[in-house]
Amino acid sequence: MFGDMMNMMGKLKETQKKVEEAKKRLDTVLVDESSNDGKLKVTLTANRSIKSIEIDNELLEDKEQLEDYLILTLNKAIEKATKVNETELAAVAKEGMPNIPGMDLFK
């Protein structure tokens, strides 16, 4: 039994390392999102850090409209990036989880 416990702890440490590596890799995965009319484009990493924002000159003339565009487009980009992030990390975590009866968290 003690050997099984040590084996599980080793697998958990290995999984934790893989999760950290995946988080670093997700800093290099870029998610692009644009407004419906293409006047605003944003790029985020899968870890939800903003990398770039491109704004059409027409939007610079109306502060309130620009703010609305930013909110809508950034929220869509964050939602996309979050899905990529969660999917990748869940796959890594599931792959490395030991088989513990009753602990099927990632099914």
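One-based numbering along the sequence shown. What you see is a predicted model; the values in this text were computed from it and never measured.
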Open item on the list: Pairing donors with acceptors under 3.5 angstrom, does anything connect the side chains of Tyr69 and Asp37?
Closed with: yes
- [ ] Hey, could you give me the CG/CD distance between Asn75 and Glu33, rounded to the nearest 0.5 Å?
- [x] 10.5 Å
TODO: Examine distances only and state if a side-chain atom of Thr45 and a backbone atom of Ser49 form a donor-acceptor pair shorter than 3.5 Å.
DONE: yes
- [ ] Kindly check if the number of other-residue, nucleotide or ligand heavy atoms within 6.0 Å of NZ (Lys41) is above 12?
- [x] no
Task: Side-chain heavy atoms of Leu74 within contact of Ile50, under 4.5 Å - done: yes
Task: Asn85 and its side-chain contact (heavy atoms from CB on, under 4.5 Å) partner, picked from Thr87, Thr82, Leu89 - done: Leu89
TODO: Determine whether more than 12 heavy atoms belonging to other residues, nucleotides or ligands lie under 6.0 Å from atom CD of Gln16.
DONE: no
Task: Heavy-atom donor-acceptor pair, Asn47 side chain to Lys23 backbone, under 3.5 Å - done: yes
TODO: May I ask whether Val31 and Leu40 are part of the same hydrophobic cluster, defined by side-chain heavy atoms of I, L, V, M, F, W, Y residues being less than 4.5 angstrom apart, directly or through others?
DONE: no
Open item on the list: Less than 4.0 angstrom from a charged side-chain N to a carboxylate O is my criterion; do Lys17 and Glu14 meet it?
Closed with: no
Task: Considering all heavy atoms, the nearest Val42-Ala77 contact - done: CG2-CB, 3.7 Å
Open item on the list: So which atom in Leu26 and which in Glu88 form the shortest heavy-atom distance, rounded to 0.1 Å?
Closed with: CD2-CG, 3.8 Å
TODO: Mind listing the closest non-hydrogen atom pair of Val29 and Val84 along with its distance?
DONE: CG1-CG1, 4.3 Å
TODO: With rounding to the nearest 0.5 Å, note down the distance linking CG in Asp27 to CZ in Arg25.
DONE: 10.5 Å
Open item on the list: Check this for me: Gln65, atom CD, are more than 12 non-hydrogen atoms of other residues, nucleotides or ligands nearer than 6.0 Å?
Closed with: yes
Task: Minimum side-chain heavy-atom gap Thr73-Ile53 below 4.5 Å - done: no
Open item on the list: When you measure from the side chain of Thr43 to the backbone of Lys51, do you find a donor-acceptor pair of N or O atoms at a distance under 3.5 Å?
Closed with: no
Task: Residues Glu79, Lys83: salt bridge by 4.0 Å N-O rule - done: yes
Task: Cluster overlap Leu70 with Leu60, hydrophobic side-chain contacts below 4.5 Å - done: yes
Task: Atom pair CG (Leu59) and CD (Glu67), whose distance is rounded to the nearest 0.5 Å - done: 11.5 Å
- [ ] Enter the distance from Lys76:NZ to Ser35:OG here, rounded to the nearest 0.5 Å.
- [x] 7.0 Å
